[in-house]
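Note sheet for the following structure.
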Amino acid sequence: MRLIAHGPMAAEVSKAGGIGFIGSGNDQSKLHEQLSDAQSLLSSCPPSQIIRGANDTLPIGVGFLNWGADLDVALPLLKKYRPAAVWLFAPHTIDTLVQWTRETRKATDNASKVWIQVCSVAEALDVARTCEPDVLVIQGVDAGGHGLHQGCSICALLPEAIDALQNAVQNREVKSMPTILAAGGVMEGRGLAAALALGAEGVVMGTRYLVADEAEIRQGYKDEVIRATDGGQTTVRTSVYDQLRRTTEWPKQYGGRSVTNQSYHDAINGMPLEENMRLYNEAAEMGDKGWGPQGRMTTYAGTAVGLVTRLQSAKNITKEVRAEARAVIKNLSDVMSSTGNL
Ligand SMILES: Cc1cc2nc3c(=O)[nH]c(=O)nc-3n(C[C@H](O)[C@H](O)[C@H](O)COP(=O)(O)O)c2cc1C
């Protein structure tokens with residue numbers, strides 16, 4: 001998560017048994033500092049907690065937004081720090097993903113695994129064929145932040161994408177099956193268990209970590225994520241906030257899912273962009289009061305935002321979700337054994 005997930009967030013998630021990502025996004029000017037922070041946080045773990053990445057990698061990932069990320073700045077840093085995973089998303093053309101995949105593997109001697117986030121069956125097939133990623137993150141429309149304007153939930157997307165990929169492997173159009181992860185709408189153990197049932201090997205969570213102690217956002221943003229409920233009605237995927245924040249280099253098929261507020265309502269009611277921007281800049285001066293239903297500040301969050309109810313450390317979120325999923329799966333298996341054949 002660009003500008004939100006830095007070294008401390010990434011290190012804490014990884015220490016808890018997940019893999020945390022630094023959101024480097026489209027601007028790599030702070031990447032050196034972020035990687036160095038994460039490295040020292042991980043190396044100062046007590047011996048009982050020391051975790052190591054495979055192939056001598058740093059056990060975190062780095063996420064890039066490929067419509068703007070700078071490969072020339074990134075490559076020497078990837079070579080130096082060897083993060084366990086490199087995450088790619090949202091290029092203008094697929095050639096950019098091919099180039100980043102090839103160069104990342106070359107720079108890290110294949111040590112860093114390439115994760116690519118996609119939002120449709122067609123994109124999953126294209127990326128699997130052309131990039132041969134280690135991991136495909138399949139993002140459904142419920143996801144917070146950016147994704148395709150037109151999409152569907154992981155409930156529909158994951159099984160169809162998995163079947164299509166398996167067919168493509170059988171027909172030799174795709175060399176091998178990547179690891180599949182699900183993203184979008186998973187906030188807790190029930191969502192994780194459901195994603196596993198749909199065929200994913202794990203999940204990616206964004207919105208839930210917005211309320212982590214380590215998330216570098218204003219308290220007003222965190223409070224609004226905790227306050228918001230009924231995300232199908234109260235969030236929307238839109239380009240309004242990109243216009244207001246001047247992040248308009250996103251390819252046009254992407255929009256950011258945000259909790260709606262006055263900026264959005266005024267935009268759809270016809271307020272001219274310049275006036276909306278003026279009010280947005282005023283709200284930015286109001287600190288934490290800039291958020292909330294009467295506020296104007298961007299509140300990227302997914303449709304399952306109503307399941308996020310309290311502040312927590314990134315470590316506790318990671319551990320809690322895994323423990324909840326184990327309990328759900330055990331309960332399902334108990335139901336199956338007590339009922340026999342359904
Ligand atoms: C505030 C926020 C910022 C995000 N930033 C990025 C990003 O920089 N790059 C990216 O690939 N995905 C980004 N995402 C999307 C996540 O990768 C992921 O698909 C999504 O958070 C999963 O859905 P969830 O929010 O329902 O957990 C962001 C999501 C949120 C909520």
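First listed ligand is number 1; within each ligand, the first listed atom is number 1. Keep in mind the model is a prediction, meaning the values are calculated, not measured.
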- Residue among Val203, Leu181, Leu307, Val204 satisfying side chain to side chain contact (heavy atoms under 4.5 Å, CB included) with Val186: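 When Val203, Leu181, Leu307, Val204 are each tested with Val186, the side chain to side chain contact (heavy atoms under 4.5 Å, CB included) holds only for Val203.
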- Message: Exactly one of Gln262, Arg245, Glu275 should register a side chain to side chain contact (heavy atoms under 4.5 Å, CB included) with Tyr280. Which one does?
- Response: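 Output: one option passes, namely Arg245.
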Give me the nearest non-hydrogen protein atom to [atom] as residue plus atom name, then the distance to 0.1 Å.
| atom | answer |
| --- | --- |
| atom 17 (O) of ligand 1 | Trp87 CZ2, 3.3 Å |
| atom 27 (O) of ligand 1 | Gly206 N, 2.9 Å |
| atom 25 (O) of ligand 1 | Thr207 OG1, 2.6 Å |
| atom 26 (O) of ligand 1 | Gly185 N, 2.8 Å |
| atom 22 (C) of ligand 1 | Gly184 N, 3.5 Å |
| atom 18 (C) of ligand 1 | Gln117 OE1, 3.8 Å |
| atom 9 (N) of ligand 1 | Leu65 CD2, 3.4 Å |
| atom 5 (N) of ligand 1 | Met1 CA, 3.5 Å |

Among side-chain atoms of [X] and [Y], is any donor-acceptor pair under 3.5 angstrom?
| X | Y | value |
| --- | --- | --- |
| Asp242 | Thr247 | yes |
| Tyr221 | Thr298 | no |
| Tyr241 | Asn261 | yes |

Show which atoms of ligand 1 fall inside a sub-4.0 Å distance from at least one heavy-atom site of [X].
| X | value |
| --- | --- |
| Phe89 | 10 (C), 11 (O) |
| Gln139 | 15 (C), 19 (O) |
| Met205 | 27 (O) |
| Tyr221 | 1 (C) |
| Ile4 | 1 (C) |

- Test: Arg278 and Glu282 ion pair at under 4.0 Å: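 Result for this pair is yes, salt bridge flagged.
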- Is it true that Asp134 and Arg105 make a salt bridge, defined as a side-chain N closer than 4.0 Å to a carboxylate O?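 The answer is yes: the pair qualifies as a salt bridge.
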- Message: In this structure, does ligand 1 have an atom that sits under 4.0 Å from one of the heavy atoms of Phe21?
- Response: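 It does not, in that no heavy atom of Phe21 comes within the 4.0 Å cut-off of ligand 1.
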Determine whether the side chain, the backbone, both or neither of [X] has a heavy atom under 4.0 Å from any heavy atom of ligand 1.
| X | result |
| --- | --- |
| Met187 | side chain |
| Arg2 | both |
| Leu210 | side chain |
| Thr303 | neither |

- Item | Contact bool for atom 13 (C) of ligand 1 (protein heavy atom, d < 4.0 Å) |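 When distances to the protein are checked, atom 13 (C) of ligand 1 has no heavy atom within 4.0 Å.
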If we only count N/O pairs under 3.5 Å, is [X] in contact with ligand 1?
| X | value |
| --- | --- |
| Arg208 | no |
| Gly144 | yes |
| Tyr300 | no |
| Ala143 | no |
| Gly25 | no |

- Task: Report the residues that fulfil salt bridge (charged side-chain N to carboxylate O under 4.0 Å, His left out) with Arg208, sequence neighbours left out, ordered by chain and then residue number.
- Result: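 Residues passing salt bridge (charged side-chain N to carboxylate O under 4.0 Å, His left out) with Arg208: Glu320.
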- Item | Test salt bridge (charged side-chain N to carboxylate O under 4.0 Å, His left out) applied to Arg237 - qualifying residues, sequence neighbours left out |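 Checked Arg237 against salt bridge (charged side-chain N to carboxylate O under 4.0 Å, His left out); zero matches.
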- Using the ring of each side chain (for Trp, its six-membered ring), is Phe64 parallel, tilted or perpendicular to Trp100, with breaks at 30° and 60°?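 Phe64 vs Trp100 ring planes: tilted.
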- Query: How are the rings of Trp250 and Trp67 set to each other: parallel, tilted or perpendicular (split at 30° and 60°)?
  - Reply: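 Trp250 and Trp67: tilted rings.
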- Query: What is the minimum heavy-atom distance between Gln243 and Thr248, and which atoms define it?
  - Reply: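 Heavy atoms of Gln243 and Thr248 come nearest at CA-CG2, 4.0 Å.
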- Around atom CZ of Arg190, are there more than 12 heavy atoms of other residues, nucleotides or ligands at under 6.0 Å?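 Count not over threshold, so no.
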- Validation row: Lys15, Leu42 side chains within 4.5 angstrom (heavy atoms):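 A side-chain contact under 4.5 Å exists here.
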